[in-house]
Amino acid sequence: MENIKENISFINEKIKRNATIIAVSKKKSAELIKEAFESGVENFGENYLQEAIEKISFLKHLKINWHFIGKIQSNKCKEIAKNFEWVHTVDRFKIAKLLNDNCPLNKTINVLIQINIDKEESKSGINEEEILSLAEGISSLPNLKLKGVMVIPKNESDKKLTEISFEKTVKASMRLKDKFPHANEVSMGMSNDFELAIKKGSTMIRIGTGIFGERH
Ligand SMILES: *Cc1c(COP(=O)(O)O)cnc(C)c1O
């Protein structure tokens with residue numbers, strides 16, 4: 001049995017309030033999410049919509065901020081807009097527009113632009129060069145608030161390569177902030193590399209295994 005409370009204390013100790021913890025709860029039960037919430041985590045990330053909606057509805061009495069961090073298809077935008085406060089994986093205007101158009105009344109959705117920093121064929125995310133034009137598009141949508149960028153670097157065993165990807169992401173974030181100063185969040189770093197990510201300038205770390213243990 002994983003000791004969720006201890007895991008969270010351990011991470012808090014390491015990050016010293018330099019970043020927000022997003023507890024990635026995909027494939028983990030509502031009971032475990034509640035346990036993490038009671039240990040002080042208020043932000044949770046989910047990848048799979050159907051699974052997420054069930055948990056969100058079951059836990060709606062708790063003041064949780066839900067972050068969508070999975071791949072987005074157009075036909076999912078309506079439910080994502082309804083259920084999530086944050087969306088980390090916006091990489092094209094069409095998706096932003098659909099989130100905006102399906103946003104419930106009196107709600108604003110916080111969005112991050114996902115960057116494909118290592119230009120991987122198979123990966124979601126926009127190329128660095130296109131960030132500003134997407135940012136302009138997002139800014140024209142009244143129900144969305146552009147908050148920054150998100151990255152999933154290439155899966156490298158070599159920490160040095162991950163470090164380079166983090167540095168490139170932070171540079172891209174700085175160029176974005178020149179034009180959009182409030183878009184200052186950098187969602188970067190997971191269980192294996194969150195300390196390095198924070199050292200490089202991450203403001204939001206997405207931790208799954210490090211809090212809940214292995215996924216099956
Ligand atoms: C699953 C997932 C995580 C968490 O990964 P861990 O290695 O378990 O911390 C973070 N970000 C994204 C986008 C994920 O899909």
Side-chain angles (χ1 to χ4, degrees), residues 1-15 18-29 32-33 35-37 39 41-53 55-56 64-73 76 80 83-92 95 110-118 120 122-126 147-159 161-163 165-166 169-170 172-173 185-216:
M1 206 42 216
E2 207 57 39
N3 193 328
I4 290 176
K5 195 182 167 118
E6 238 169 56
N7 291 345
I8 291 170
S9 308
F10 174 81
I11 296 164
N12 272 324
E13 190 62 38
K14 297 233 170 218
I15 69 176
N18 286 309
T20 302
I21 299 175
I22 317 292
V24 176
S25 45
K26 60 183 172 216
K27 304 201 173 153
K28 298 294 173 180
S29 69
L32 296 179
I33 294 174
E35 197 177 328
F37 177 80
S39 309
V41 174
E42 296 169 342
N43 293 280
F44 289 83
E46 289 280 345
N47 296 60
Y48 309 110
L49 185 60
Q50 220 40 54
E51 174 199 336
I53 289 173
K55 292 186 268 184
I56 291 170
I64 288 179
N65 297 312
W66 292 99
H67 297 243
F68 192 79
I69 63 169
K71 212 176 161 81
I72 308 180
Q73 287 122 10
K76 303 278 168 69
I80 292 173
N83 286 282
F84 288 83
E85 281 72 42
W86 287 76
V87 182
H88 289 223
T89 39
V90 174
D91 63 0
R92 52 201 194 276
I95 294 295
N110 300 303
V111 308
L112 302 177
I113 294 176
Q114 182 177 356
I115 313 175
N116 185 355
I117 205 71
D118 299 309
E120 292 172 90
S122 60
K123 198 164 267 170
S124 311
I126 196 167
K147 297 293 261 185
V149 297
M150 179 270 207
V151 75
I152 310 171
K154 199 166 171 181
N155 192 6
E156 299 282 8
S157 46
D158 183 349
K159 273 265 151 42
L161 294 175
T162 306
E163 187 171 355
S165 303
F166 285 167
T169 304
V170 169
S173 155
E185 301 284 350
V186 183
S187 168
M188 177 172 96
M190 316 202 287
S191 297
N192 288 329
D193 53 21
F194 70 89
E195 286 177 273
L196 179 60
I198 291 171
K199 211 164 88 191
K200 293 293 161 186
S202 167
T203 65
M204 296 179 139
I205 53 174
R206 307 180 308 268
I207 312 286
T209 328
I211 292 176
F212 297 107
E214 290 295 328
R215 288 178 291 271
H216 301 290

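Each residue takes its place number in the sequence, starting with 1. In each ligand, atom 1 is the first atom listed, and ligand 1 is the first ligand listed.
Each of Glu85, His88, Glu46 was scored for a side chain to side chain donor-acceptor pair (under 3.5 Å) with His67, with one residue passing: His88.
Protein residues with any heavy atom under 4.0 Å from ligand 1: Val24, Lys26, Asn47, Ile69, Met150, Ile152, Met190, Ser191, Arg206, Ile207, Gly208, Thr209, Arg215.
Ion pairing of Lys200 with Glu163 is present here, as a side-chain N (NZ or NE/NH1/NH2) and a carboxylate O approach within less than 4.0 Å.
Counting heavy atoms from C-beta outward, Ile211 and Ile4 have side chains that approach closer than 4.5 Å.
Other residues, nucleotides and ligands contribute more than 12 heavy atoms inside 6.0 Å of the NZ atom of Lys123. In this structure, Asp158 places its CG atom where more than 12 heavy-atom neighbours from other residues, nucleotides or ligands lie under 6.0 Å away.
Proximity of a side-chain donor or acceptor of Arg206 to a complementary backbone N or O of Ser187 within less than 3.5 Å is detected.
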